[in-house]
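Okay, structure first, notes after.
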Amino acid sequence: MSKQNSESKKIEDKWIKKWREEKIFEPSPSSKKKFYLTVAFPYPSGAMHVGHGRTYTVPDVIARFKRMQGYNVLFPMAWHVTGSPVLGIAKRIEKKDEKTIKLYRDLYKVPSDVMGRFTDPKEIVRHFSSEYKSDMTNLGFSIDWSREFLTITPQYQRFILWQYRKLRSLGLVNKGQHPVRFCPSCDNPVGDHDLLQGEAATINEFTIIKFRFGDLILPAATLRPETVFGVTNMWVNPDVEYVKAKVNGEIWVVSRQAVEKLRFQNKDVSEAGTIKGSEIKGDCVCLFDKREVPILPAKFVNPDYATGVVMSVPAHAPYDYVALKEVSDLEVIPIIDVSGYGDVPARDVVERMNIKSQTDKKLEDATEEIYRAEHSKGVMKKGIEGYGGMRVSDARKKVIDELAENGDLFYESSEAIMCRCGTKGVIKILNDQWFLRYSDEKWKEKVRECMGNMQIVPPEMRQNFEYFIGWLDDWACTRKIGLGTRLPWDDKWLIEPLSDSTIYMAFYTISRHIKEIDPQKLDDDFFEYVFLGKGDKKSAAKSSAITVKKLDEIRAEFLYWYPMDFRLSAKDLVGNHLCFMMFHHSAVFPKDKWPKGIIVFGIGLLEGNKMSSSKGNVVLLSDAMENYGSDAVRLFLMSNAEPWQDFDWRDNLVKSTWKKLKQFSDFVEGAGGTKDMPLRDIDIWLSNRMQNAILKTTDALEKFQTRKALQHAFFEMLNDVSWYTRRCKPNGSVLGEFTKNWVLLMAPFTPFACEELWEKAGGKMVSVAGYPVFDEKKSNPGIDAAEDLVKGMVSDINSILEVTRAKPNKIHLYLAEGWKRELFSQIKEGKNIGEIMKNPLLKRYGNEVAKIVQKTRPEEIHAVQSLGDEQKTLSGASEFLEKEFACSFVIHTTADYDPAGKARHAVPARPAIYIE
RNA sequence: GCGGGGGUGCCCGAGUCGGUCAAAGGGGCACGGUUGAGGGCCGUGUGGCGCAGGCCUACGCGAGUUCGAACCUCGUCCCCCGCACCA
């Protein structure tokens with residue numbers, strides 16, 4: 001393959017150069033209709049693999065298609081380099097972490113001298129953004145690189161500052177508190193991908209219910225505060241040494257581990273001695289309902305979980321039930337009715353699961369079961385004052401509300417978490433965190449309106465968006481570490497990377513103009529005028545040190561391209577980025593600048609398995625291009641699945657695509673045929689097939705169905721030309737017209753091959769040629785039926801030969817007689833048997849007519865050719881049929897010779913066959 | 001748990017306002033042709049049965065509506081994805 005590929009590489013380079021020289025992908029505002037699409041920019045922390053390749057090929061195909069349709073198309077690209085992942089990568093490379101080094105050196109093929117610089121995170125994104133750019137260029141993307149920027153480009157950062165001041169002035173950013181998973185060593189919140197362990201951990205919110213024990217407070221942390229009415233006693237672990245901790249003026253008794261946790265959760269904690277668990281005994285008073293209960297020892301109490309002191313609700317908590325039975329004969333206090341269980345649900349479950357000891361692991365399942373059942377179906381018992389008859393979930397809220405004044409919350413991770421740096425993670429409440437107020441109902445309403453007017457592809461994704469818009473809560477939009485832009489009014493914070501990339505599509509429209517402007521001079525006046533038309537343009541121009549004319553030109557360019565027609569992204573960004581984009585557009589811009597459409601992609605598989613860079617389960621785009629050439633890679637990625645479906649990179653399929661592409665090129669290039677040939681039916685058929693392909697391909701591409709488009713534009717055409725050349729001697733002028741259209745049809749998918757073929761055929765540049773338009777005059781759907789007759793004959797004869805295993809000497813075809821055609825026409829019109837029998841011609845064949853009518857449904861009949869036409873079609877094809885079956889054919893319009901009595905089986909479009 | 005999407009032939013995957021569906025297309029496999037018994041290319045076949053284009057069985061499972069269901073209704077089982085402070 002390699003020699004051919006070096007040939008195709010040459011062709012690719014030639015066209016990349018031509019496109020660049022002629023600047024055909026660098027559009028400016030004009031009188032033409034515009035089409036503006038963007039795709040989520042990449043975070044270049046590694047090499048591009050074929051999954052990324054698909055993400056960016058889809059918009060390129062659409063861009064190319066629209067461009068050929070005559071639109072002025074803008075398809076820009078930039079680099080998202082803000083955030084913290086590269087910091088971790090740089091650190092790990094510095095620490096010579098083997099896995100990381102292996103990934104970057106062996107998989108991503110980073111040269112060792114470059115690796116040396118990777119201890120600086122900026123070097124990583126710099127290196128890979130340039131790799132990305134080169135891959136994108138080589139894959140033939142029609143990107144306007146004149147608008148390229150990084151999210152840390154100073155001009156872009158000025159744009160972010162403007163945006164955040166704007167949002168704040170609109171009251172959409174404020175300070176708040178929020179519990180997060182946190183790494184004390186990194187001093188930063190940790191997300192799933194930052195964790196070595198505990199990715200599935202969620203933050204549980206416990207309610208603290210206090211019990212007075214002398215001067216001390218026993219703070220029981222519970223997920224089920226409504227069960228406070230059923231408390232019979234307290235549990236402390238006799239083997240644990242507890243800490244007396246001063247918390248907000250009270251002295252709490254908690255485990256040592258809990259002290260640390262409380263500190264991270266904003267409690268002012270100081271230690272005031274210790275006390276042994278075994279020393280904590282006697283009675284205590286619940287501060288919620290003032291009941292007095294005893295304190296009892298229990299080994300199941302885990303000092304590492306929550307506060308280390310536990311309130312006991314034996315009727316509804318299996319752990320408590322089992323422990324209580326072991327040490328005391330206190331009566332349980334049932335407080336919740338739940339169908340399917342008796343008065344004491346915990347006892348039911350414990351007995352059913354045959355749990356004997358408080359250290360039995362099955363207690364976890366038992367607890368889970370009870371929790372779920374009572375939460376969903378439980379009702380508070382009648383006798384509980386103020387709560388009787390309430391649903392458990394409502395009672396829980398009410399208890400929390402009643403506690404509110406001196407209520408405390410305690411956060412605990414549902415499982416242990418470990419930061420990538422190796423430190424045990426904690427739950428921390430961030431105090432002065434800044435939030436984007438996505439919970440704001442008025443804002444959500446605007447977003448819903450925005451989405452209501454948008455085209456969502458695929459349509460079923462709309463429900464997902466609706467769900468996410470409702471679900472989104474305030475979003476912490478600032479971080480302590482990472483690359484990024486500082487919050488303009490509080491510079492100890494950086495703007496979080498998803499939050500700095502919500503309306504950057506607007507920035508593309510003007511980025512090429514402001515590259516030369518001193519970033520310090522890009523102030524809010526500038527952006528207010530350019531994007532919103534607000535303020536005094538003279539002073540805005542002056543402060544930015546540009547002319548008013550230039551400022552107006554910039555504003556005009558924004559107005560020309562905006563709103564954006566389509567935003568494309570993989571489906572993992574639906575719940576955040578794509579929603580954020582709608583939130584921020586609806587907040588900052590007037591309605592007529594809100595985005596008009598979203599296309600969501602599926603993910604990529606490799607030989608049926610999920611692609612994963614970290615596991616090395618990827619094919620690098622550069623390798624794929626080297627093996628198969630850019631066009632074949634594009635063609636495969638676009639034909640394997642529709643954009644929103646998951647695609648599967650399978651090497652043998654890619655190879656087969658590569659072969660088919662070569663067939664296409666070879667066929668088009670070698671298409672000659674005889675000139676000045678009279679037009680035969682089969683020629684009309686081929687022309688019609690092309691018109692059909694044009695119609696269907698265009699229709700599919702309008703809906704972004706690249707796979708379906710290629711089915712028509714490529715695979716069907718391949719089969720059609722193969723049939724055509726098998727079927728007849730090619731007609732030169734018909735073939736010429738056909739290949740010309742075919743190249744145009746394919747140009748968005750395989751631009752390099754098509755440019756080359758186009759040029760060889762005397763064209764200039766196919767990327768800017770017109771896309772074929774369906775021509776009704778050249779279309780002739782009826783001809784398909786005629787050709788299907790021939791195909792049907794071949795197939796029927798083959799199946800007879802298959803069964804009989806005979807070698808034919810002579811094949812007789814009997815056409816259906818005139819009366820059968822008349823009958824079919826009438827059935828097709830929907831006439832019933834009574835009406836049909838009124839026809840004297842048909843009445844003569846009454847019995848047969850009845851049989852046929854009974855088993856023939858109108859829907860099955862497409863076109864009924866006349867006897868003459870059918871005869872003409874078959875005799876026109878007889879030369880071909882004789883060649884195919886290497887025997888002679890006789891076509892009968894009457895059963896003059898019919899030794900086997902086959903002729904009577906003939907129906908229209910299905911002649912009877914007799915093989916000798 | 002909540003939300004979304006699915007279960008089609010050896011595999012991937014079209015097809016769902018019911019009928020032209022034994023079910024497109026591709027892959028794999030088999031046979032035949034070309035040929036240097038390879039590769040490539042071309043043709044044919046690939047649920048079962050059948051020495052005539054047919055018949056039977058089939059679209060997760062069960063039931064229903066209908067002259068007729070892969071497609072509609074109900075029930076049931078199973079699978080995949082997302083659920084946040086972050087790319």
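So that the names make sense, note that chain A is the first sequence line, chain B the second, and so on, each numbered from 1.
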### Summary
Residue set satisfying side-chain hydrogen bond (donor to acceptor under 3.5 Å, both in side chains) with A:Lys696, at least two apart, ordered chain then number -> A:Asn692

### Query
Reckon A:Ala641 touches a base, only the sugar-phosphate, or nothing at all at heavy-atom distances under 4.0 Å?
nothing

### Query
What is the nucleic acid contact for A:Lys659, judged by heavy atoms within less than 4.0 Å: base, sugar-phosphate only, or nothing?
sugar-phosphate

### Query
Considering only the C1' atoms, how many Å lie between B:rG53 and B:rC74, rounded to the nearest integer?
41 Å

### Message
Using a 3.5 Å distance criterion without hydrogens, assess whether the side chain of A:Ser795 forms a donor-acceptor pair with backbone atoms of A:Lys791.
### Response
no

### Those residues that, when tested against A:Phe715, pass ring pair (Phe, Tyr, Trp, His ring centres under 6.0 Å) (two or more places apart)
none

### Under 4.0 Å protein heavy-atom contacts per nucleotide of nucleotides 3-15 of chain B, with B for base, S for backbone only and - for none
SSS-------SS-

### Query
Counting any heavy atom closer than 4.0 Å, what does A:Pro911 reach on the DNA or RNA strands: base, sugar-phosphate only, or nothing?
base

### Query
Can you tell me how far C1' in B:rA63 sits from the matching atom in B:rC81, rounded to whole Å?
31 Å

#### Entry: Listed partners of A:Arg224 passing side chain to side chain contact (heavy atoms under 4.5 Å, CB included), at least two apart
A:Thr222, A:Glu226, A:Thr227, A:His316, A:Ile336, A:Ile370, A:Tyr371, A:Glu374, A:Arg396

### Task
Name the residue closer to the 5' end of RNA chain B, choosing between A:Ala906 and A:Ala476 according to the nucleotide with the nearest heavy atom.
A:Ala906

#### Entry: Donor-acceptor under 3.5 Å (A:Gln645 side chain, A:Glu642 main chain)
yes

### d(CG, A:Asn652; P, B:rG28) in whole Å
5 Å

### Query
Hey, does A:Ile915 reach any base, or is it just sugar-phosphate, or nothing, if we go heavy atoms under 4.0 Å?
base

### Task
With P as the reference atom in both, quote the distance from B:rG62 to B:rG28 in angstrom, rounded to an integer.
34 Å

#### Entry: Spacing between A:Phe580 atom CZ and B:rA84 atom C1', to the nearest angstrom
8 Å

### Message
Taking any heavy-atom pair under 4.0 Å as a contact, classify A:Leu573: base, sugar-phosphate, or nothing.
### Response
base

### Task
Using Watson-Crick or G-U wobble pairs with both distances under 3.5 Å, give me RNA chain B in dot-bracket, 5' to 3', with [ ] for crossers and | for pairs to another strand.
((((((((.[[[..)...(.....]]](((((((.....)))))))(((....)))...[[[[[..)....]]]]])))))))....

### Message
Taking the C1' atom in each of B:rG15 and B:rG25, what is the distance between them to the nearest angstrom?
### Response
12 Å

### Query
Where the side chain of A:Asn640 meets the backbone of A:Phe647, is there a donor-acceptor pair that is under 3.5 Å apart?
no

#### Entry: Which nucleotide in B:rG53, B:rA84, B:rG26 has an atom nearest any side-chain atom of A:Arg910
B:rG53

#### Entry: Closest nucleotide among B:rA52, B:rG25, B:rG82 to the A:Phe715 side chain
B:rG25

### salt bridge (charged side-chain N to carboxylate O under 4.0 Å, His left out) partners of A:Glu131, counting only residues at least two apart
none

### Message
Taking only the C1' atom of each, what is the distance from B:rC80 to B:rC29 in whole angstrom?
### Response
29 Å

### Query
Taking CD from A:Glu607 and P from B:rG27, how many angstroms apart are they, rounded to a whole number?
15 Å

### Contacts of A:Asp646 that satisfy salt bridge (charged side-chain N to carboxylate O under 4.0 Å, His left out) - sequence neighbours left out
A:Lys571

### Task
Kindly indicate, with the supporting measurements, whether the criterion ring-ring contact (aromatic ring centres under 6.0 Å, His included) is fulfilled by A:Phe636 and A:Trp658.
CA-CA 8 Å; A:Phe636 175 78; A:Trp658 174 84; over 10 Å; no

### Query
B:rC86 C1' sits how many Å from A:Leu494 CG, rounded?
14 Å

### Task
Apply salt bridge (charged side-chain N to carboxylate O under 4.0 Å, His left out) to A:Lys91 and list each qualifying residue two or more places apart in sequence or on a separate chain.
none

### Query
Closest nucleotide of RNA chain B for A:Asn719 versus for A:Phe435: which of these residues is on the 5' side?
A:Asn719

### Task
Provide, to the nearest angstrom, the distance between the NE2 atom belonging to A:His812 and the P atom belonging to B:rA52.
18 Å

### Message
Suppose you measure atom C1' in B:rC11 against the same atom in B:rG82; what distance do you get, rounded to whole Å?
### Response
28 Å

### Query
Checking all strands, does A:Gly575 fall into the base, sugar-phosphate, or nothing category for heavy-atom contacts under 4.0 angstrom?
nothing

### Message
What is the distance, to the nearest angstrom, from the CD1 atom on A:Ile469 to the P atom on B:rA84?
### Response
18 Å

#### Entry: C1' gap between B:rG36 and B:rC41, integer Å
16 Å

### Query
In whole Å, what is the span from the CZ atom of A:Phe880 to the C1' atom of B:rC42?
13 Å

### Query
A:Thr804 has a side chain; which of B:rG53, B:rC86, B:rA52 sits nearest to it?
B:rA52

#### Entry: Closest to the A:Trp471 side chain, choosing from B:rC83, B:rG53, B:rG25
B:rC83

### Message
Under 4.0 Å, heavy atoms only, any strand: does A:Lys660 hit a base, just the sugar-phosphate, or nothing?
### Response
sugar-phosphate

### Query
What nucleotide among B:rA84, B:rC41, B:rG50 has an atom nearest to a side-chain atom of A:Val803?
B:rG50

#### Entry: Residues which pass salt bridge (charged side-chain N to carboxylate O under 4.0 Å, His left out) with A:Lys807, listed by chain and number, not counting sequence neighbours
none

Please list, pair by pair, any protein nitrogen or oxygen found under 3.5 Å from a nitrogen or oxygen in nucleotides 43-47 of chain B.
from: B:rG43; atom 1: OP1; to: A:Ser722; atom 2: OG; distance (Å): 3.4

### Query
Quick one: is the NZ or CZ of A:Arg634 closer than 6.0 Å to the six-membered ring centre of A:Phe749, and within 45° of its axis?
no

### Query
side-chain hydrogen bond (donor to acceptor under 3.5 Å, both in side chains) with A:Thr151: which residues, sequence neighbours excluded?
A:Thr82

#### Entry: B:rG68 versus B:rC56 - spacing of their P atoms, nearest Å
15 Å

### Task
Name the nucleic acid region contacted by A:Gln711, choosing base, sugar-phosphate or nothing; use a 4.0 angstrom heavy-atom cut-off, strictly under.
base

### Message
Quick test of your reading: applying salt bridge (charged side-chain N to carboxylate O under 4.0 Å, His left out), list the pairs with at least one residue in residues 705-720 of chain A, sequence neighbours left out, ordered by first then second residue.
### Response
A:Arg689-A:Glu716, A:Arg689-A:Asp720

### Task
May I have the distance from A:Leu498 (atom CG) to B:rG82 (atom P), rounded to whole angstrom?
16 Å

